[in-house]
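As structure tokens, the structure follows; a few thoughts come after it.
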Amino acid sequence: MDKDKTVKRKMRLWTNADVVFLVAIFYLLGVLTAIICYIFLFFHKDPLVIDEETKHSFLQRTIHSTDRSSNLFLPDKEKVRLTKENEYLLWETSTVIRSALYQFVKENGKMPVTLSSLTPKYLSGIPKEPMTLSNKVVGTVSGKGGWVYNPAPVFSTEEADLIKGIEAALLPNIEYKISNGFEPLKIIVSNSDHKLRVVSGNHIIRDYPVGLGVEGKIISGSFTVRDKIMNPNKHMYPLEKNPYGKRGLELSNPLYAIHGTYKTESIGENQSNGCIRMLNNDVIELYSMIPIHTKVEISNNGLNSIDENPSLHLGEQSDLLYDEEDNSEEEDVNTTFFWSG
């Protein structure tokens, strides 16, 4: 009978040399990890801590970026030739968004993280870029239309610095050249000729006929747009009998507003108790372009040092660029307004 064969395996025993080798390996790995962490921490700066040198560098980059923003450098074969009308509309829509950004920064001390933060308080919607009719917002220039938005820290609220920063933060996402710089929108009402004009610097963007107060109730002075209300007092009146029309821009003196009216015969006349009346179609367009806190100057004088030739009569093309639809979020059914109609 065969005997069972037993296979004997030799077991390798750890020697002192093996233990020392492993300890050395782990020690070296620990030292290497510590060195890597030190290098990372040494060269890494907390994004929330910005020293003076970084601030100065950023401001310089912002200025240079603004200088380039009026003429993007792309190969000539890729450049898009703009018609005069589209070039103007490109400047206009850029100015509308930048004005909303300007008012946001003035109120909050910083730029919004995204442009969607501007709606609906500052703007009903982001205007469309006129070449592609897109209002898509991206972070880098692709030339595919819409807007490029890169918010930046606000180091200075000085007017010149703020304007340069906003110019650099918002650009059309196309190959373009804009001849006019950015100045925040302002409303000028001329009592002498019953006109309301939307201006940017020395350029008239819109020119509307208005109705004013009766004798003794014509207002004048400097105001701001305190609030914007869609279909004011909608809960009190049938649609076509609302004394404030389709839109209201309440002034910093809350007794007065720029608002619509169904009494079209009062436009160009002095029939209100102090408010500025507009045709409903006109006030809807004004509402879609003007952010809250916009300056309003009302005087008996005509325009001084303002370009008396409004830029182009753009017709229905400009109607495609702004959000003029009713939006329940912009209605205030819990408040009854008592403006001086």
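Note that the structure is predicted; figures quoted are calculated from it, not measured.
- Salt-bridge annotation for Glu107 and Lys121: present, with a side-chain N of the basic residue lying under 4.0 Å from a carboxylate O of the acidic one.
- Side-chain polar atoms of Glu159 and Tyr102 form a donor-acceptor pair below 3.5 angstrom.
- Separating the NZ atom in Lys164 from the CD atom in Glu158 is a distance of 12.0 Å, to the nearest 0.5 Å.
- Applying the 6.0 Å contact sphere to NZ of Lys186 captures no more than 12 heavy atoms from other residues, nucleotides or ligands.
- The two residues Pro232 and Asn242 have their closest heavy-atom pair at O-ND2, 2.6 Å.
- Looking only at atom types and distance, the side chain of His194 has a donor-acceptor partner in the side chain of Asn270 under 3.5 Å away.
- No hydrogens or angles considered: a donor-acceptor pair under 3.5 Å links the side chains of Asp161 and Ser156.
- Residues Val198 and Asp207 are not in side-chain contact: their nearest non-hydrogen atoms beyond the backbone lie 4.5 Å or more apart.
- Side-chain contact between Thr264 and Leu279 is present, with at least one heavy-atom pair separated by less than 4.5 Å.
- Residue Leu196 forms a side chain to side chain contact (heavy atoms under 4.5 Å, CB included) with just one option from Ile276, Asp282, Ile188, and that option is Ile276.
- Counting only distance, with no hydrogens or angles, the side chain of Asn280 and the backbone of Thr261 share a donor-acceptor pair below 3.5 Å.
- Under a 4.0 Å N-O distance rule, the pair Glu285/Arg206 qualifies as a salt bridge.
- If you take SG on Cys275 and CD1 on Ile258, they are separated by 9.5 Å, rounding to the nearest 0.5 Å.
- For the atom pair Thr224 OG1 and Gln103 CD, the distance stands at 8.5 Å (nearest 0.5 Å).
- Using a 4.5 Å heavy-atom cutoff, the side chains of Ser94 and Pro172 are in contact.
- You'll find the side chain of Tyr256 stays beyond 4.5 Å of the side chain of Trp339, heavy atoms only.
- Between Leu185 and Thr95, some side-chain heavy-atom pair lies under the 4.5 Å cut-off.
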Practice problem: For the pair Met236 and Tyr244, evaluate side-chain contact (heavy atoms from CB on, under 4.5 Å) and give the outcome as yes or no after the intermediate values. | Solution: CA-CA 11 Å; Met236 294 184 63; Tyr244 301 141; over 6 Å; no
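- The heavy-atom pair separating Ser299 from Ser220 by the smallest distance is CA-CB, 4.3 Å.
- Here the rule is side chain to side chain donor-acceptor pair (under 3.5 Å) with Tyr287, and of Glu324, Glu330, Lys228 only Glu330 fits it.
- The closest side-chain heavy-atom distance from Met230 to Asp326 is below 4.5 Å.
- Residues Met111 and Pro151 share a closest heavy-atom pair of SD-CA, 3.9 Å.
- Enclosure of atom CD in Glu265 by more than 12 non-hydrogen atoms of other residues, nucleotides or ligands within 6.0 angstrom is indicated.
- Both Ile97 and Leu162 belong to a common hydrophobic cluster when Ile, Leu, Val, Met, Phe, Trp and Tyr are linked at side-chain heavy-atom distances under 4.5 angstrom.
- With no hydrogens or angles considered, no side-chain donor-acceptor pair links Glu129 and Thr93 at under 3.5 Å.
- Clustering ILVMFWY residues whenever any of their side-chain heavy atoms sit less than 4.5 angstrom apart, transitively, puts Leu255 in the very cluster that holds Ile219.
- No side-chain donor-acceptor contact under 3.5 Å links Ser200 and Glu183.
- With salt bridges taken as basic N to acidic carboxylate O contacts below 4.0 Å, none links Lys234 and Asp332.
- Between His203 and Trp91, the two ring planes are perpendicular [angle over 60°; tilted spans 30° to 60°].
- By the 30° and 60° cut-offs, the orientation of the rings of Phe104 relative to Tyr122 is tilted.
- Residue Asn281 qualifies as open at atom CG: its count of foreign heavy atoms under 6.0 Å is 12 or below.
- The CG atom of Leu249 sits 7.5 Å away from the CD1 atom of Ile290 when rounded to the nearest 0.5 Å.
- Side-chain N or O atoms of Arg98 include one that pairs as donor or acceptor with a backbone N or O of Glu167 at under 3.5 Å.
- Taking CG from Asn334 and OG1 from Thr336, the interatomic distance works out to 9.0 Å, rounded to the nearest 0.5 Å.
- Note: the hydrophobic cluster containing Leu118 also contains Val137 (ILVMFWY, side chain heavy atoms under 4.5 Å, direct or indirect links).
- Between His259 and Arg277, the closest side-chain pair of non-hydrogen atoms falls below 4.5 Å.
- Put simply, the side chain of Phe182 reaches to within 4.5 Å of the side chain of Ile166, judged on heavy atoms.
- Rounding to the nearest 0.5 Å places OG1 of Thr294 at 10.5 Å from CE of Met289.
- Note: the hydrophobic cluster containing Leu89 also contains Leu320 (ILVMFWY, side chain heavy atoms under 4.5 Å, direct or indirect links).
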